[in-house]
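Residues: numbered from 1 along the sequence shown. What you see is a predicted model; the values in this text were computed from it and never measured.
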Amino acid sequence: MSWIEDPEFTPEHPFGPQTLPYGVLGTASGPTVAVRVGRHAIPLRGIADEFGPRLSELVGAPNLDPLLAAGRVAWDELRERLLGLVHADRAPAGAELLRTDWHTQLLPFTVSDFVDFYSSRHHAENVGRIFRREAEPLLPNWTHLPVAYHGRSGTVAVSGTDVPRPSGQRRVSGDPTPVFGPTRRLDFEAEVGFVCGGEPADQVSPEEFTEHVFGVVLVNDWSARDIQAWEYQPLGPFLAKSFATSISGWITPVEALEHARVPTTGYDHELQDYLVEKQPWGLDLRMEVRCNDTLLSAPPFREMYWSPAQQLAHMTVNGSPVRAGDLFASGTVSGPEVGQRGCLLELTWGGADPVTLADGEQRTFLQDGDRVLLSATAPGEDGSVVGFGDVAGTILPAVRR
């Protein structure tokens, strides 16, 4: 029983009462924190009094920053109250339902830091075979630690934000001197991101993961492969990655994923103590990637070599604190099969084998006007389905200055 009259607010749909993701919608009265229920969302500012004085101040803010900073006790209390509210047979005073497709989604929190990992063995081995054909596909450090690079938080944007084609230096085959201009090898990367909160902390153990991670988003960390190939030797990518990262506008709470937890795929050797998980934090997320409405890939997140709990442990082991608003992403998610590869670099094997779209056009890399959409679900309790906000972005021509 529920006062919410929405045919998709049932456990059989991704945004039923088992999910209750948080986001921020633009309304006539300004940005408002909201919780998604089926096709609708409940603005929390109008019913803030339902949550008591401490929580009402958090949900009445224009974004999720105060809630992220409040920590696990507040997160648990708010979710418990929301579950009671949505299962009530009468709407609380001041409650309203907004159609999610009639309102603009805003970036739900201020991104403090952004770290992108490289934790899919299938992806890393494929990239190694493409870029280093005569060498071992994995470098020696890869199975000992979660490899990552530090990104640009200022270029993280909410789903629906257009992505202008970036420019940079790239090398033309046979020419020792690079040229400057728009990338010709623009790619998507299907990833999963983790939104952090609570008090700053360092040397976080895998068992403390839920104390510092508020929820999960889908991530498209766009990549310029030709710029990357020139600039990443011998250090990491820079302009090839820093121009845009898209995230979903709905943050699925970690609590909703308890029944999606699975072991990671196993390790080549004994791990350092700080990376050992007592309880597994692999996640059974079923992802899909579409380009111009054509299904290109279905990457399985359960195939990841390093879990998000291990990523967080590695990120903080040197004394660098995790803070409210930090975002870290898994890196490209790929599986063992061709149809499970999470980027065009792999799907087309470096551009050698184009993919064919539903309209008959072929792609090796993205063209101006292409629209990429990432989606995902996870199993919930008693056969329910846990949803994640989609991530969409359309490629615009390079900006001429």
Side-chain angles (χ1 to χ4, degrees), residues 2-9 13-17 19-70 74-75 77-79 81-88 90-112 153-154 156-162 193 195 197 214-218 246-253 256 324-325 327 373 375 387-394:
S2 175
W3 60 274
I4 299 170
E5 296 183 0
D6 185 312
E8 295 185 5
F9 188 61
H13 289 86
F15 297 108
T19 305
L20 299 181
Y22 299 93
V24 174
L25 297 179
T27 69
S29 57
T32 181
V33 172
V35 167
R36 183 166 177 175
V37 287
R39 300 174 186 172
H40 293 81
I42 306 171
L44 299 187
R45 185 171 52 208
I47 56 172
D49 291 344
E50 295 288 322
F51 304 109
R54 186 168 64 92
L55 293 178
S56 65
E57 185 175 350
L58 301 179
V59 301
N63 61 26
L64 291 171
D65 291 0
L67 181 60
L68 293 183
W75 305 340
E77 183 181 350
L78 178 58
R79 183 169 176 83
R81 294 197 178 210
L82 283 170
L83 285 168
L85 184 149
V86 301
H87 284 104
R90 291 187 180 183
E96 59 179 329
L97 293 176
L98 304 181
R99 279 288 297 265
T100 57
D101 54 350
W102 294 354
H103 291 80
T104 301
Q105 277 196 284
L106 307 178
L107 190 66
F109 66 102
T110 304
V111 183
S112 300
S153 60
V156 176
V158 72
S159 173
T161 304
D162 293 334
V195 179
F214 172 77
V216 182
V217 293
L218 300 184
S246 301
I247 68 169
S248 46
W250 297 108
I251 304 175
T252 298
L327 171 69
L373 176 73
S375 59
F388 299 84
D390 293 346
V391 181
T394 300

So, do [X] and [Y] sit near enough that their side-chain heavy atoms are less than 4.5 Å apart?
X: Ser375; Y: Phe388; answer: no
X: Val195; Y: Leu64; answer: no
X: Asn63; Y: Leu107; answer: no
X: Arg36; Y: Thr19; answer: no
X: His87; Y: Pro17; answer: yes
X: Ile251; Y: Val216; answer: no
X: Ile4; Y: Ile42; answer: yes

| query | For atom CZ of Arg90, is the number of surrounding heavy atoms from other residues, nucleotides or ligands below 6.0 Å larger than 12? | reply |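 No - once you tally the heavy atoms of other residues, nucleotides and ligands closer than 6.0 Å, there are 12 at most.
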Under a 3.5 Å distance rule, please check whether [X] uses its side chain to pair with a backbone N or O of [Y] as donor and acceptor.
X: Ser246; Y: Ala157; value: no
X: Trp75; Y: Leu67; value: yes
X: Arg81; Y: Phe51; value: yes
X: Arg39; Y: Asp101; value: no
X: Thr252; Y: Gly387; value: yes
X: Thr27; Y: His103; value: no
X: Thr104; Y: Gly26; value: no
X: Ser159; Y: Gly249; value: no

Pairwise distance [atom1]([X]) to [atom2]([Y]) - rounded to 0.5 angstrom:
X: Leu82; Y: Glu50; atom1: CG; atom2: CD; result: 10.5 Å
X: Leu78; Y: Tyr22; atom1: CG; atom2: OH; result: 3.5 Å
X: Leu25; Y: Trp250; atom1: CG; atom2: CH2; result: 4.5 Å
X: Leu85; Y: Leu44; atom1: CG; atom2: CG; result: 8.5 Å
X: His40; Y: Thr100; atom1: NE2; atom2: OG1; result: 8.0 Å

Which heavy atom of [X] sits nearest to which heavy atom of [Y], and what is that distance?
X: Ser248; Y: Gly389; answer: CB-O, 3.0 Å
X: Ala324; Y: Ser112; answer: O-OG, 2.9 Å
X: Trp3; Y: Ala91; answer: CE3-CB, 3.3 Å
X: Leu58; Y: Ala70; answer: CD1-CB, 3.7 Å
X: Pro253; Y: Arg79; answer: CG-NH1, 3.6 Å
X: Glu5; Y: Leu97; answer: N-CD1, 4.5 Å

| message | Can you confirm whether or not the ring centre of Phe214 sits under 6.0 Å from the ring centre of Phe109? | response |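 Centroid distance Phe214-Phe109: not below 6.0 Å, so no.
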| said: Test side chain to side chain contact (heavy atoms under 4.5 Å, CB included) on Leu327 and Ile247; report intermediate values, then the result. | reply: CA-CA 10 Å; Leu327 171 69; Ile247 68 169; 4.0 Å; yes
